[in-house]
Structures are given as structure tokens and as C-alpha cells.
Amino acid sequence: MLLALVISGFVLAPVAPMLQRALPHRAGYIVALLPLAIAVMLGLMSAGVVNAGIVTDTEGGFSIVSTAPWVAGLGVDLAFRLDGLGLLMAMLVSGIGALIFVYAAGYLHGHKHLGRLYAFLLMFMASMLGVVLADNLILLFVFWELTSVSSYLLIGFDHSQEKSRKSALQALLVTGLGGLGILAAAIMLGDVAGTFTISELVLHRDTIRGHALFPAIVVLMLFGACTKSAQFPFHFWLPNAMAAPTPVSAYLHSSTMVKAGVYLIARLSPVLGGAAIWNDALTWIGATTMVVGAWMAFRQRIMKPLLAYSTVSALGTLVMALGVGTTKAVEAAMVFLLAHAFYKGTLFMAAGAIDHETGEKDVSKLSGLRGSMPILFIATAAAALSMAGLPPFVGFVAKELMLKGLIPDATRGTGSAALTTMLVLSSALGVVVAVRFGIRPFLGDLKPTPTEPHEPPRSMLLGPVMLASLGLLAVVLPGFVALPLVGPAASAVLHATAKPDMALWHGVNAALLLSVVVIVAGAALFAIQSGVLRVIEPIASRLDRLGPARVYDGTLWAVLTFSRAQTRALQSGSLRQYIFFTIGTAVIAIGGALAVNQGFSSVPGLSDVRNYEIGLFALLLVGAGYVGVAKNRLAAIAGLGLVGYGIALAFVLFGAPDLALTQLCIETLMVVLMVLVFYMLPDFRSISNNSQRFRDLFAALSLGAVMFFLVLIAGQSTPDLAVTTFYGERSVPDAYGRNVVNVILVDFRALDTLGEITVLVVAAVGVYALLKSTPKRAKHIAGLKEGSE
Amino acid sequence: MNSTILQTATRYLLPMLLVISVVVLFQGHNLPGGGFIAGLIGASGLALHGMAFGPKSTREALRINPATVMGVGLAAALGSGLFAVFMGLPLLTGIWFNLEVPGLKTIKVGTPVIFDIGVYLVVLGVVMAIVLSLLEE
């Protein structure tokens, strides 16, 4: 059942473009039915209405498991598990997904590639469901990479723009590199625990924690999670990802994909949490990201980068809370995750709608829009107030819980005062950003905009209005909207029953007072923001140039420069140089291996050589030497032929008549082909000087010497004769043939032969195509030949 | 290359080489030989013809396009393996029948023989395709 829910998006994805072509005005609404159905199904399953094998754990949570074999030999199964945390994430992915498809139908109405966008979004949705429902580390990694790939396709959707392509590549490289960290950590974790099944890891908690690899596992896991969730210093890709169309930014880069890292941290907290390295690293990375993100958002005036940096800040807050890891902090994180998805989804969709209807992206140039777009104003303002942390919105509850989880008391360490201060500071900056984007542009006098502002179409209003209302309903009716999601989610992270307190009023306490401080400070900062920005901007923009994005650019430049240089050196296009490198590598690798393994000490004497053998090999040497000094091409070909026939003779002497026959035929045909090609080649010329010839002679002799010793030494070892004996014994009774070589070719190993003759046919087609499809070149060569005659 | 000696020699050599190639093909199961060598022998005879009389007359004498020979060979080799699949055995498992010829002894016929004929035709076709296209340049 869970497998079907995950796969359905992949199944529908290739159909979506066709659907768009058939029903250009309705396709988005039809596609939206799939995530809607998934969300409903998940709800029914978790509520026990649909029987899906529900298991209630002792920790007060629940889980639904579905497993199908995949790569059984490696312990990788298609194992899916729906528990509280998975449900919260999957509901966000499918629920917001449904709204996004409707929104995209309006936002990109009439766009040539809208069907393609639906397909990519469906792929992403399915991958993301896979990430949050997978119960196998390797399976999780596969879906994780699939989200990176679909994110790449979506950021680069507008592929004619260089900026889109560059940003898409940047996001892919940063998150893909992190994905490799996760793969390495997953393999180590699976090796240490003896299982890749995530829900079983917690049973091996002490083994994992005591293992020497534990620090490496933590560092690599956090590396992967931090790149995906845009934590400092890997945050720079997220603002650039805003090159994607707005529905994509609203979906992937605010409410779902960037939370995959947070999800992974939460998912592994019961296993890896509790160790100082894990908790401290998360707490301080998160707190730094929170402040840096809020500060960068404060400096933006363009809508999408402003929202992107505020998302970075929110992700930092979540990571910090999970790092603190106490019951209160984890509960706060889950409520904050839900609150953020509601308000940030609304704000992104509003940003797209405002841009769409006014043509203006700069918030400082927008004013007085309330009259022309009243519904959008109400939805945006509600979301902005939730983001600013004002009652009665869910953002307020989330911030209260967050503060309660951090405020210093007797049980908390010295760092908590610092964390509280950082939270208050970034929240105050957040208030400024929320008001600047979500409220200010609608108030005051109407300023002229590139296009006449008007209310966006209903398809683009549905998402913001729904999400903004949910932000209010989560507080008004917590038992209906929020608690069934955040309670089990927190329980799953904590492995203990958790029930976040979502009431608005708890009397006057420290958290409430700090909330008031945040709002007052934010309001004051808002009043003086233009003055502050004028003073700091010259200094700050200079500092930006030293940021981590520069490290990324520098690394990318260095890698590209290196690969260009080594390609120029190794792949020069000169056939002689390729052969020289190939021979050199073979000599060093084989000779080195022989030298290291003391192979040369076991070289046997050459006492057994007969006279005619010496004669034969003298003939071979003469032939080979003659090829090297031949003054014209025909002589060189004859020399090669001599070597070939000599080898065939050697096969006869050493009892391999089949090989000898084949070699004879091949040599004959080779000479024929050479002579045929001969007429098409330019004149025979000496193209190397003396020093090059000595270099080539040296290379050839080295290879000859290495092969000579290799063959001698290989003859010394006593091979396992089981295979030889098997073929010898079974050839007649099983395959009715006495020629073992032929029986192996056509019966025992017929599949290999089938592959080989297929390659032959392909090669012939290639030769034919080369000869027949390059008339200009052929004529050019013919012309050269005539000229020389 | 308009050499009377070569042309005269080819008139005698080509039939001999073709006969030898067929003999080598069928004796391969018990004695040195087989489809690959036989194909090379046959192809060298035809290449000789191409050099002596020109590719045009070789194509006319062959009647069949070398590409078709390759295709038929590949199909025969693959097809011989499919017998086993239809009998529920792994692909390319050798299957043998006893063919009773009245007045003669029993002959064993098996799918590996068909496979070897396929190899023969592929090698013949490939070499001919390459040699003839080179000759035509």
C-alpha cells in the first residue's frame, strides 16, 4: 500500500505532458487529484479507518509497515514505514503538492512546457514521499538523490537562461555531494548495526554509539543533512535556486525538499542523538544558520531572495531545536515545522502572484495594493503575522514553544542564554522581513507598477488562502488540524509520548515577555530600517564577497581547470600518444605488481628450450624488427604478416590447433585489409625524430620484457584445474563434442559468443557507416592520392 | 587489379575454399574447426574473388547482401537459444535430437550446430561487408 502511494507519482509523471496537451485548461486540476488522494489515504490509514496493518508502539506512536524484497543479498528492501514523523512530512508533501499543482496551472497558464513542469513536480513529489516513508537507509539514499535530480530539473526549468542552468548545477553539486556523505554514513551505519532497516537501528543504539566509526557516521550524516537543508556554510545554493518558477520555490525550496535534511536529523535522533558531538554540532550549526539567514533576509528587497534567506533562517531554527533535543525543544521543532510550512508556502505563492499581476519583484517599489487584490492581502497578511509570531496564529504558538525550550533554567547548560539571545535577535529581524514583504506593500498609496495590478485568478488564490487559514485553524482547532500531526511526530522523534501544548495563553511568563520584546524590537527596527541599511550595506556587501559561495566557485574552477589540463595532456588526439600511455601504464602496473610481490625471484631457468623454438622466435624477432625500420608501408605490412604467421606456428607447436587456424585466417585477412586500406592512406612519411624513436623503442622493449617475465612467472604457479577438468569431463557426455574449445564456444559459454558476434555486427555497421557516410572526406583523400601520383 | 593469374587461380581456389570452410564448420564439434574459423576461411575466398574480379562482380555472384547474411546469422544464433526458453530451460541450453536416416546410422542434431552456423554466417557477412566496402572506395 505505501509502496503504491510512493510509486504513483512516478507512474503519472510521464503521462502528465500528454494530459496537458489533451486538456490544456484542466490538466493541472486533474494532476492535483493524485496528491490530494494520497493525503486523504494517508490520513485514513493513520486514523485506522483503512486497514493497513497499524501497529501501536509502546511510545504512544503508531507505525504502518510494508516491505517488498528488492536487493535481498545486500539487505536492501523496498521497506516503507509510516509513523508520526513520516505522516507529518508526507501530509505536507502531498497536501501542499495538491495546492501547488492548482497554483502552477494559473501561474504558468499557457506556458509551452507546463506539462513538463507537472511531470517534474510529480517526480519530485514521489521522491520526497519516498524519502520520508523509506525504512531502509539505502532506499532513503536513492530517493534522496532523486529529489536532488528532480530539483535540478525544476530549478533549470527555464533552461534558456544561463542563470537557471548555473543555479541548477550548483544546487545539484552541493546537495549531491551531501548525498554521497549520506551514502557513506549509511553504509557504515548498516555495517556497524548489522541492518539497514531504520526502525531497527535504535535497538543497536549502544553498539553504534560505542563504535570507533561513530564520529565519522555523525559527521557524514550531518554533512548530508546540512547541504540539503541549506545550513551554514552550505546555505548559498538556496537563494540561487530561486531561479526556478515560483510554484517550484514554494514547494521544494520552502516547505518540503529543504526540510529533508531536518527530517533526516529528526529521524536519526533516537539513534545518534544524546552524544555530545551530535547535539552540540547541530545546536551551533543551526543557531549560526538562523542568525545568518535572518540577517541576510533583512538586507533583501527582492521578494524571492528575501523569502529564501528567511527560509534558511527557519531551517536553522529547526536544526538548532533538534540539536537541543529536549522534549520541549523537539515538540517546538515539530510545531514550528508545521507553522513554517503554512506561512512560508503562503508567502511564496503570494510573491509569485504579486509578481504575476504587477510585474514588480522589488518590495520597496510596491505600495497600496490592498484595493486591487483584497483577498490576497488578507491571506498574505495573516501569513506574515504568523511569521512575525503574533497571536492568534500558529507562528506565535511555535515561537512561544521554541522560547520555552531554550530559556535558561537550572537544568540547562551555559549555552542556552546565548541561544535564547540569538533566537530573539533573529526573530526580531524576522518581524521586519515579514512586515516588509507581507503587509507594507498593501498599505499606503498605490505606486505605479509595470502592469496594472488586479486580483490573481482563483487558481492562484486557492493555495495562499488555504494555507493561511490553516495557520489560524491550527490554533483555533488544534485537536483537528495540528495535534494529530505534531503529537505523533514528536513522539516518533523522542521515542516517548509527547503532546505539545498549543494553547495561546499561559499567563504572564518569561516566554511571553520575550515575545513582546521580539515584537517591540522588530517594530523599532522596521521604523529605522532604511537608515540601518544605508549604514551597513557598503560594509556588508564587501563581506559577501568572502562568503562560502566564493569557495564553491573557486573549487569548481579548480576542478574544471584540472580536468581540462589532464584531458589536453592525455586525450591529445594523437593515436601514437594514446598507445604510448597505454603501454606505459601496463608496464608500470604489471611490472610494479611483480616487483612488489617478489615475482621476479621465482623466474625459472630457460633450460628446456629446443633449437627449432629458438629458430621460430628468431624469425619473429626479425619480422618485428623489420617493421620498425621498414622504409615503405608494403614492407612494414609484410613484416607484420611474418610476425603473425610466426605466432600461428607457435600455437601449432604448443598444441593449440584451433587458435593456430584462427590466427592464420586472421593474418591473411589482415594483410588483405591492410593492402586495401593502403591505397587510401597518405604517403608513407617519417613522422618521428630520432629521440622519439628511441623513446618508442624503449617503451616497446619494456612492455615486451614485462610480458615475457609475466608469462614465465604465471607458468610457475599451479592453477586451480577444477574448471579445466569440468570442461574436459563434461564435454562429451553433456554436449556430444570432443573439441572442447568449440564446445565451450557454442554450448557452455554460448551466451558470451552471442555477445561477441553481436559486437562483430555492430563493428561492421560502424565500418560501413564510416566508409559510406563521409563522402567529402573520402573524396578529399582520393584527391590527395591523385595529387601525389 | 586486373591480373589473369589471380583470376585464373581464383576460379579454382574459391570453390575449394568454400568447400573447406563448410567442412571445417561441421567438423568443428569434434576436430579443430568451428563457425568462427570456417567463416574466416570462406570470407578469405570471397575476398580473393573481390580482388581478382572487382567488388561489383563479387556482389553479383553473391546475390545476397552481406548485411543480410549478418542478420540471418545473428538471428539463427539467437533463435537456436530460444528453443530452450520455450522448453522452460535457460536461454541457449543445448538441445539434441537423434535423427534417424534410413539406411544410414543415427545422426545427432542439436541447437549448438545451428548456433555455430549462425556464428559462421555472421563472420562471413561481417568480413565481406568490410572488404567489399573497402574495395569499392
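These numbers were taken from a predicted model, which means no experiment stands behind them.
- Heavy-atom distances place both the backbone and the side chain of A:Val761 under 4.5 Å from chain B.
- Residues B:Leu13 and B:Leu48 meet the side-chain proximity criterion, which asks for heavy atoms closer than 4.5 Å.
- Neither the backbone nor the side chain of B:Gln27 comes within contact range of chain A; no heavy atoms are under 4.5 Å apart.
- For the set B:Thr111, B:Val123, B:Val119, B:Val122, the count of heavy-atom pairs under 4.5 angstrom toward chain A peaks at B:Val122.
- Scanning residues 124-135 of chain B against chain A with a 4.5 Å non-hydrogen threshold yields B:Val126, B:Val127, B:Ile130, B:Val131, B:Ser133, B:Leu134, B:Leu135, sorted by number.
- Contacts between A:Ile757 and chain B at a heavy-atom distance below 4.5 Å involve backbone atoms as well as side-chain atoms.
- Annotation for A:Arg738: atom CZ does not count as buried by contact number, only 12 or fewer foreign heavy atoms lying within 6.0 Å.
- For B:Leu78, the parts lying under 4.5 angstrom from a heavy atom of chain A are both the backbone and the side chain.
- The 12-atom threshold is not exceeded at CZ of A:Arg749, counting heavy atoms of other residues, nucleotides or ligands nearer than 6.0 Å.
- Inspection of the A:Tyr645 and A:Thr668 side chains reveals an N or O donor paired with an N or O acceptor under 3.5 Å.
- Annotation for B:Phe83: atom CZ does not count as buried by contact number, only 12 or fewer foreign heavy atoms lying within 6.0 Å.
- Using a 4.5 Å cut-off between heavy atoms, A:Leu659 makes no contact with chain B at all.
- Taking chain B as the reference chain and counting heavy-atom pairs below 4.5 Å, the highest number among A:Val765, A:Leu661, A:Leu673 is found for A:Leu661.
- Heavy atoms of other residues, nucleotides or ligands lying less than 6.0 angstrom from OH of A:Tyr727 number more than 12.
- Heavy atoms of other residues, nucleotides or ligands lying less than 6.0 angstrom from CD1 of A:Ile614 number more than 12.
- Within a 6.0 Å radius of CG in A:Asn632, more than 12 heavy atoms belonging to other residues, nucleotides or ligands are found.
- Within a 6.0 Å sphere centred on CD1 of A:Ile7, heavy atoms belonging to other residues, nucleotides or ligands number more than 12.
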